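Accompanying notes for the structure given below.
Just so it is clear, the structure is predicted and the values come from calculations on it, not from any experiment. Order of appearance sets the numbers: ligands from 1, and atoms from 1 within every ligand.
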Amino acid sequence: MEHIENNDEFGGLSVNKGIEQPPTVNPYLKKRQKKKHYTPDEYVEGILRGDRTILSQAVTLVESSRTEHQAVAQEVIEKCLPHAGNAIRVGITGVPGAGKSTSIDTFGMHLISKGKKLAVLAIDPSSERSKGSILGDKTRMEQLSVQENAFIRPSPSAGSLGGVARKTRETIILCEAAGFDTIIVETVGVGQSETAVHSMVDFFMLLQVPGTGDELQGIKRGIMELADGVVINKADGNNIEKAQLAQAQFRNALHLFPATQSGWSPKVLTYSGYYGLGITEIWDMVYEYMDFTKINGYFDFRRSEQAKYWMYESINENLKNHFYKNHHRETELKHMEQQVLKGEISSFIAAKRMLDEYFREK
Ligand code: GDP
């Protein structure tokens, strides 16, 4: 019988050709190049040439906890040191949502338009997630992240604050040797990280948002005292009046503080990171501060104090690591801890015994 289904072409028993399956491996994926290991001199030479890939790899070494990486990193840092120190270093702190990334993005574009080369680093010891980075997501700084004259590096992975901060400080040296003339170090407004950032920058900026009408609430006095400038963000739209009110409150509060060691009176400005309003004034303030402190000698004084501080920090960090990073001692400590908890021994005696034993091992 004449029927279309009796036709071979449409018969159910024949196997159709089917469609071509995509390959299991993405053909567009570039073959991953094996990471080249450079000698310390090659790293230094690359950094001084401004090679960003080599700079990035050197920073990775600085951040690594492996002894062999650290040895190379320290040699590279030492050789870069004579070429560092010429940038201005600005710390920026503010609670999450204050507008740090929006502001740094806008600040960065402003600086680049003035011919500057900017490195943005971060200290966030609190965050284990996303490999300890508040800058992990580069989309946070959309415009800046694609600029040739900007180098954005997330916070080193979580660890002790001292360790994370040391790595960032060493990264500053590498970035400066690579020719970046402006360094911004960002931190979230929690815990002790402000103190750490303050100890590695020339100018410390506190970012605030207008809101409740009582802006000073919730800000630790200690952080206010660290600030060389307070900038009130989101001064746009309906927020303008609130921002001005906040500005007045901060100015009054800062008046009550004792004079700063630098002789500089911290300024309070309003701006909008989002709309790029008031940005020039903020950087004028930063440059004015630099001139002021360079003339009165405070700039050099602060940098030498910081160098001293980091020497002691480094000693403390190493001692602590040496004490704690010992398998046998970890067990002993747990044992002691239990005795202290049970009230069998006082905290001080327990500590003394552990330390005595440690020094006897020496
Ligand atoms: P961060 O957590 O401190 O980095 O804050 P973000 O930069 O991510 O900003 C938090 C929110 O505030 C985002 O939704 C921004 O769009 C908004 N924001 C940031 N700057 C401004 C500003 O100048 N004006 C206004 N109206 N909103 C802003």
Indicate the ring-plane relationship of F180 and F151, choosing parallel, tilted or perpendicular according to the 30° and 60° boundaries. tilted
Counting C-beta onward and ignoring hydrogens, is there a side-chain heavy-atom pair between I183 and M200 closer than 4.5 Å? no
Under 4.5 Å between any side-chain heavy atoms of L174 and Y43, yes or no? no
Scan the protein's non-hydrogen atoms and note whether one is under 4.0 Å from atom 13 (C) of ligand 1. no
Under-4.0 Å protein heavy-atom contact, atom 5 (O) of ligand 1: yes
Ligand 1 versus N233: contacting region, heavy-atom distance under 4.0 Å: side chain
Under a 4.0 Å heavy-atom limit, does D236 contact ligand 1 with its side chain, its backbone, both, or neither? side chain
Looking at ligand 1, does V95 have a heavy atom less than 4.0 Å from it? yes
Tell me, please: is G94 in heavy-atom contact with ligand 1, that is, under 4.0 Å? no
Do you see a donor-acceptor pair shorter than 3.5 Å between the side chains of R153 and T60? yes
Between the side chains of Q74 and Q70, is a donor N or O closer than 3.5 angstrom to an acceptor N or O? yes
Can you name the one residue among V90, L144, N149 that meets side chain to side chain contact (heavy atoms under 4.5 Å, CB included) with L118? L144
Kindly determine whether R360 and E357 satisfy salt bridge (charged side-chain N to carboxylate O under 4.0 Å, His left out), including the steps that lead there. CA-CA 5 Å; R360 260 200 307 275; E357 194 180 318; 5.1 Å; no
Name the closest protein heavy atom to atom 8 (O) of ligand 1, giving the residue it belongs to and the distance to 0.1 Å. S101 OG, 3.2 Å
Which of the atoms of ligand 1 are close to G273, meaning less than 4.0 Å from one of its heavy atoms? 23 (O)
Which of the ligand 1 atoms, numbered from 1, are nearer than 4.0 Å to a heavy atom of P96: 2 (O)
